[in-house]
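Below is one structure, written out as structure tokens, with a few remarks after it.
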Amino acid sequence: MTIRKGRVAVSVAAVWTSKDSPRDLDEKAVVNPADIETWLNGLTYETSLALCNENRIQTQALLGEELLIIDEQDGYAHVIIPSQSSSKDERGYPGWMPLCQIELNAESQHGPIAVVQSKKTMLYSEDEIPQFDLSFQTNLTVLKEGTEWIEVETPYGKGKLKAGDVSIYDAFKSVPNGSGQDIVAWGERFIGLPYLWGGMSSFGFDCSGFSYTMCKANGYIIPRDAHDQAASGEKVELTAIEPGDLLFFAYEEGKGSLHHVGIYYGDGKLLHSPNTGKSIEILDMAGTIYEKELCAARRYWLKTEG
């Protein structure tokens, strides 16, 4: 079929490995509007772990995020997410989404964008009726700026966001570049948030989704997955790491396959989203498996002169 453009039309869309990946218990995550909170609250440790062990979810995408639709089958679309670079496809991250969660034939966004800076914020209708929560770093085109409300374009028509919850940027310029300490500071806000395999939102991050999003919040768009993140950026010797650098961990005491990424906090500590059943934390690496498995570091932030 001809490749079509689309946009995510729910607050947070899971991007599945195949159209058969969602289970009956994932129903709240594959409808429109998606009910992410209810879905997550309904997962047990075992059913959450299965998202990883059974390779069900690839990544997530946020409301308004642009998609390329390369196939459609049985109510699902095979999509590419250009904003999430991946070695799996040079065009962007691939996976499957329900068609009901996609605004088809959507044009690319132009003009100023409102970027959600709160951990979550409510999307309101044009009449200021609450709709649903949006994740940190959701980007929507600005239609009108006010002191209390920002009117935005959504797949549902005009919507409103509280002005205090967003920052507005020119869509043709990047978000201002932050420092390594800024990356750490943004990440600290999410301490205690439970891990979610494939998570790319403030409803739950996986390890590389956390590092991706904290870099994005500071104007750095990096690859989506840990192994791709480790292959890009500026190589940093492990004796020269600074806060905000990404640290990578591999099995077999650092000599095997890479399996984890976190943000260096400073003072020998790691800020990371560990694994299923745990939450974002600051960990002193000394004497832990992470000290033994540390194998590489990469820097994506820019040092300023002075």
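Along the sequence shown, residues carry numbers from 1.
Under the 4.5 angstrom side-chain criterion for Ile, Leu, Val, Met, Phe, Trp and Tyr, the cluster partners of Ile3 are Leu68, Ile70, Ile80. In the hydrophobic clustering, Val31 connects to no other residue, as no ILVMFWY side-chain heavy atoms lie under 4.5 Å from its own.
With 3.5 Å as the limit, one finds a donor-acceptor pair spanning the side chains of His272 and Glu281. In the model, Asn53 has no side-chain atom that pairs as donor or acceptor with a side-chain atom of Trp197 under 3.5 Å. Using modelled atom types and a 3.5 Å distance limit, the side chains of Arg224 and Ser208 yield a donor-acceptor pair. Residues Ser118 and Thr121 bring no donor and acceptor atom of their side chains to less than 3.5 Å of each other. A side-chain N or O of Asp26 and one of Trp39 form a donor-acceptor pair less than 3.5 Å apart. In this model, a donor atom of one side chain and an acceptor atom of the other lie less than 3.5 Å apart for Ser202 and Ser135. Side chain to side chain, Gln84 and Thr59 meet the donor-acceptor criterion of an N or O pair below 3.5 Å. Thr213 and Gln137 share no side-chain donor-acceptor pair at under 3.5 Å. Counted by atom type alone, Ser179 and Asp182 present one or more donor-acceptor pairs between their side chains at under 3.5 Å.
Nearest heavy atom pair, residue Glu188 against residue Leu271, reads N-CD2, 3.9 Å.
For Tyr290 and His260, the ring centers sit closer than 6.0 Å to each other.
No side-chain donor-acceptor contact under 3.5 Å links Asn55 to the backbone of Leu51. Of the possible donor and acceptor atoms, none in the side chain of Thr154 sits under 3.5 Å from a partner among the backbone N and O of Lys158.
In summary, of the residues considered (Val12, Leu196, Leu193), a side-chain contact (heavy atoms from CB on, under 4.5 Å) with Phe203 occurs for Val12 alone. Under the ring pair (Phe, Tyr, Trp, His ring centres under 6.0 Å) rule, Phe136 has a single partner from Phe205, Phe190, Phe210, which is Phe190.
Residues Leu294 and Leu238 meet the side-chain proximity criterion, which asks for heavy atoms closer than 4.5 Å.
Cation-pi geometry between Lys88 and Tyr93 is not met: the NZ or CZ atom fails to fall both under 6.0 Å from the ring centre and inside 45° of the normal.
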Kindly indicate, with the supporting measurements, whether the criterion ring pair (Phe, Tyr, Trp, His ring centres under 6.0 Å) is fulfilled by Phe132 and Tyr124. CA-CA 8 Å; Phe132 48 79; Tyr124 293 83; over 10 Å; no
Between Arg4 and Glu72, does the salt bridge (charged side-chain N to carboxylate O under 4.0 Å, His left out) criterion hold? Intermediate values first, please. CA-CA 11 Å; Arg4 292 201 284 168; Glu72 294 177 22; 2.3 Å; yes
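Shown here are the side chain to side chain contact (heavy atoms under 4.5 Å, CB included) partners of Ile222, two or more places apart in sequence or in another chain: Tyr212, Cys215, Tyr220, Gln229, Leu246, Tyr300.
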